[in-house]
There are 2 protein chains.
Amino acid sequence: MMPTKPTRETRTKARKLSILSAALDCFCEKGVEATAVADIQRRAQCSVGSLYHHFGSKEGVAEELFIVTIQKLNSGMLRKLKRSKHAEESVKAVVFFYSDWSTRNPKLARYLHSRDIDFSPEAKTRLRLLRREYIASVFTGFAGFVERGDMAVLPADAYVPLISGPIQEYTRLWLAGQAGSPSQVKGLFAEAAWNAVKG
Amino acid sequence: MMPTKPTRETRTKARKLSILSAALDCFCEKGVEATAVADIQRRAQCSVGSLYHHFGSKEGVAEELFIVTIQKLNSGMLRKLKRSKHAEESVKAVVFFYSDWSTRNPKLARYLHSRDIDFSPEAKTRLRLLRREYIASVFTGFAGFVERGDMAVLPADAYVPLISGPIQEYTRLWLAGQAGSPSQVKGLFAEAAWNAVKG
DNA sequence: TCCTAAACTAGAATAACTTTCTAGTAAAAA
DNA sequence: TTTTTACTAGAAAGTTATTCTAGTTTAGGA
């Protein structure tokens, strides 16, 4: 059958994705600040005008890439969490998912951990919101376990840092080439996470 | 008595410090990438030439500020750690020190947690080295406790993330205005850190 | 089917910034 | 004293981000 001509919407989405993907490659290779708009534009095979039409600025590209990635990561974690029936299983699932996702998507993980992104106030607000939502969802997911006494009663803001803090920090070390793969310690860290919040 | 005329060395050091301090203020207010060399230069009341003479580039200013700060923080932590006689005391001291230092130096803490710094390869190497030294020192400090069975036997790279990860992550939330002061949870987090590594 | 508005693309022109360069001053060393 | 080195200054040059103008393509309404 004839390949139907792609609709405009389809092509637009594809172009945006190709710009984001080109940007990710550039950012990983040279760092965000060191990447010129021209680098992204060349690699994505689009014009400056096109890039600015879709993203407004280089910052805009970096921000959207970051936000989309965080959204995917968060929703993946929450999906795992919701599937778990028991407190211990839930907590450990979060640690495992973070570790697995990072090793499966090293470029994205590197980007999320990179330090040279300059967010606009709007993007910061947006990220704050995403994080708040995530923390709230986790808290909600845990509420039942806490009531039942399976998990400790802690300040709402404390659960995520206690559970994810160590594996995140370890992953950062791994990305910097200063530690082995997270998969080697994820069991240990899952155990620690559970110890930190169990009832 | 007469105030003696300051020596050149003294004035140079003072000027460098004033540039670093002006830079910190600018970075906190507008972000690293968004601050222009002219901003720093104006606030420090020096010329472009002077700034470039001392630091080579805007990046150079950001790097030196970061490295000097990390060094101070690390040495403070190690000092606390060395003073502690017992395993539990040591571990908790690290958490307390990190929390206290961050609340006492919010601008510097904010800068250390900021994401928009573009380090040169040399600076990255230097930071890697500092971190390696820190992790090694911590490990050495703990060696005795581990032998005695007071602390668990873990991969060398695991201690720091397990102990400091949660309080760092919580501090990040606090700086983003998404959680209360670290001082409110430091006891809780110190306890969790100890649970994560105790024998 | 044709027309119009909106989305999109292109690349030259512009503007903003970083970095370099030249010239000169002040302090320390010889 | 003289010479060398560290330092400062600000104009000039070079780079890069962003804007602008012009034009093309597509979706949707008449």
Side-chain angles (χ1 to χ4, degrees), chain A residues 2-23 25-27 29-66 116-123, chain B residues 2-23 26-27 29-65 116-123:
Chain A
M2 281 284 281
T4 62
K5 189 178 178 189
T7 165
R8 183 200 312 235
E9 197 185 343
T10 311
R11 275 182 300 115
T12 299
K13 195 181 277 181
R15 168 136 290 189
K16 288 190 77 171
L17 282 178
S18 90
I19 292 175
L20 289 177
S21 154
D25 290 342
C26 292
F27 293 164
E29 281 171 21
K30 323 174 58 172
V32 178
E33 199 169 349
T35 330
V37 169
D39 295 331
I40 302 173
Q41 171 237 322
R42 262 194 303 268
R43 193 181 297 223
Q45 306 210 77
C46 73
S47 69
V48 211
S50 185
L51 191 151
Y52 273 83
H53 172 74
H54 290 299
F55 297 100
S57 66
K58 172 180 148 185
E59 211 177 61
V61 178
E63 288 173 356
E64 180 138 347
L65 181 58
F66 197 94
D116 59 336
I117 313 173
D118 186 30
F119 293 108
S120 67
E122 297 75 45
Chain B
M2 282 283 281
T4 61
K5 191 179 179 190
T7 164
R8 178 188 330 221
E9 197 186 342
T10 310
R11 273 182 302 116
T12 298
K13 195 181 279 182
R15 168 136 289 188
K16 289 189 78 170
L17 282 178
S18 91
I19 292 175
L20 289 177
S21 154
C26 293
F27 293 163
E29 281 172 21
K30 323 175 58 173
V32 177
E33 200 169 347
T35 37
V37 169
D39 295 330
I40 302 172
Q41 171 237 321
R42 261 194 303 270
R43 194 182 298 224
Q45 306 210 79
C46 73
S47 69
V48 211
S50 185
L51 191 152
Y52 274 82
H53 172 76
H54 290 299
F55 296 99
S57 66
K58 172 180 148 185
E59 211 176 62
V61 178
E63 289 173 357
E64 179 137 347
L65 182 58
D116 61 334
I117 313 172
D118 186 30
F119 293 108
S120 66
E122 296 74 45

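These figures come from a predicted structure and were not determined experimentally. Quick note on labels: first sequence line is chain A, next is B, and so on, each numbered from 1.
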Rounded to the nearest angstrom, tell me the gap between atom [atom1] in [X] and atom [atom2] in [N].
X: Leu51(B); N: dT8(D); atom1: CG; atom2: C1'; value: 12 Å
X: Lys13(B); N: dA6(D); atom1: NZ; atom2: P; value: 17 Å
X: Gln45(B); N: dG10(D); atom1: CD; atom2: C1'; value: 16 Å
X: Lys58(A); N: dT19(D); atom1: NZ; atom2: C1'; value: 17 Å
X: Arg42(A); N: dA17(D); atom1: CZ; atom2: P; value: 11 Å
X: His53(B); N: dC7(D); atom1: NE2; atom2: P; value: 4 Å
X: Lys30(B); N: dA16(C); atom1: NZ; atom2: C1'; value: 12 Å
X: His54(A); N: dA6(C); atom1: NE2; atom2: P; value: 18 Å

I want to check one thing: is the phosphate of [N], taken as OP1 and OP2, less than 4.0 Å away from some side-chain N or O of [X]?
X: Arg15(A); N: dC8(C); result: no
X: Ser47(A); N: dT9(C); result: no
X: Thr7(B); N: dA27(C); result: no

Counting distance only, does the side-chain N/O of [X] pair as donor-acceptor with the main-chain N or O of [Y] below 3.5 Å?
X: Glu63(A); Y: Ser120(A); result: yes
X: Lys30(B); Y: Ala36(B); result: no
X: Lys58(A); Y: Thr35(A); result: yes
X: Lys16(B); Y: Phe55(B); result: no

Counting heavy atoms from C-beta on, name the nucleotide in [options] closest to the side chain of [X].
X: Arg11(A); options: dT8(D), dT26(D), dT19(C); value: dT26(D)
X: Ala36(B); options: dT18(C), dT19(C), dT18(D); value: dT18(C)
X: Tyr52(A); options: dT19(C), dT18(D), dA9(D); value: dT18(D)
X: Ser50(B); options: dA10(C), dC8(C), dT8(D); value: dT8(D)

His53(A)/Arg15(A) under side-chain contact (heavy atoms from CB on, under 4.5 Å): CA gap, chis, key distance, verdict: CA-CA 11 Å; His53(A) 172 74; Arg15(A) 168 136 290 189; over 6 Å; no
